[in-house]
Amino acid sequence: MKKKDIDFLFQKLEEMYPNADTELKYWNDFQLLLAVIMSAQTTDKQVNKVTKDLFKVVFEPKDVLQMGLDKFTKAISSINYYKTKAKNIYATCEILEKNPEILSSNLETLTTLPWVGIKTAKVVSNVLFWARVIAVDTHVHRVSNRLWLVNTKMPEKTSELLEKIVADKYKDIAHHWLILFWRYHCTARNPQCKTCPFNSFCKYYNQTK
Ligand code: SF4
């Protein structure tokens, strides 16, 4: 995509979503980490349904440990892959109970936690500390390729390229803008192409109209 189109894209996204932030609900850093881990392959809406009651009693790692793995697994049983997620969250809590500083450390250290890959680590660092990184899930990956902002096969490559082409001033917010744009405008089944401000340079639109 041409630089002028990239500039236009992010200027417009800023206008469209001036208060962009994660839609996951949480009260502290630890809860955000749990919510992000739970959100893999699950909608934020579904995670929020589960955490609405859970986060009234779970504020720190020891709360999960005291609850016990069985009870915790049951508490999150309405989300996808809940057994694996519960097991890894429990293991994460055992580590954080002894090493709480990991939660506020760098990306590399965060990824030493069970089931915390680079995408989760980037979301946590970005949301909590406004780190200038661009986390790429399947949605950000798909919308970036639809627009032809990048032309990649894997989310990791998309993240690497976006961090190169997105202006520094937008890096701490670009992830949220692209997620919201995918969720509410360029939706998987019914993208609103006719009213889209980007249809003049969108690859998907120009190939399918
Ligand atoms: S033109 Fe359509 S496919 Fe392209 S970015 Fe806009 S809504 Fe998405």
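Whatever order the structure lists ligands and atoms in, that order sets their numbers, starting from 1.
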Atoms of ligand 1 less than 4.0 Å from F181 heavy atoms? 5 (S)
Report, as yes or no, whether the 6.0 Å neighbourhood of atom CZ on R183 holds more than 12 heavy atoms from other residues, nucleotides or ligands.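 Counting neighbours around CZ of R183, more than 12 heavy atoms of other residues, nucleotides or ligands fall under 6.0 Å, so yes.
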Looking at K45, I want to see if its NZ is surrounded by more than 12 non-hydrogen atoms of other residues, nucleotides or ligands under 6.0 Å.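 12 or below, so no.
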Starting from atom 5 (S) of ligand 1, which protein heavy atom do you reach first, and at what distance in Å?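 Here the nearest protein heavy atom works out to L147 CD2, 3.6 Å.
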Please determine, by modelled atom types, if N106 and T109 share a side-chain donor-acceptor pair under 3.5 angstrom.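 T109 and N106 do have a side-chain donor-acceptor pair below 3.5 Å.
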When clusters are formed by joining ILVMFWY residues with side-chain heavy atoms under 4.5 Å apart, either directly or through shared neighbours, do I173 and V124 land in the same one?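 No.
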State yes or no: do V64 and Y82 share one hydrophobic cluster built from I, L, V, M, F, W and Y residues joined by side-chain heavy-atom distances below 4.5 Å, directly or via other members?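 The answer is yes; both residues are in one hydrophobic cluster.
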Listing by chain and number, what protein N/O/S atoms are under 2.8 Å from atom 2 (Fe) of ligand 1?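 C193 SG, with waters left out.
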List in chain and number order the residues that pass salt bridge (charged side-chain N to carboxylate O under 4.0 Å, His left out) with E156, two or more places apart in sequence or in another chain; answer none if no residue qualifies.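 Once residues adjacent in sequence are excluded, E156 has no partner under the salt bridge (charged side-chain N to carboxylate O under 4.0 Å, His left out) criterion.
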Checking ring-ring contact (aromatic ring centres under 6.0 Å, His included) against F198, which of F181, Y205, Y204 comes through? F181
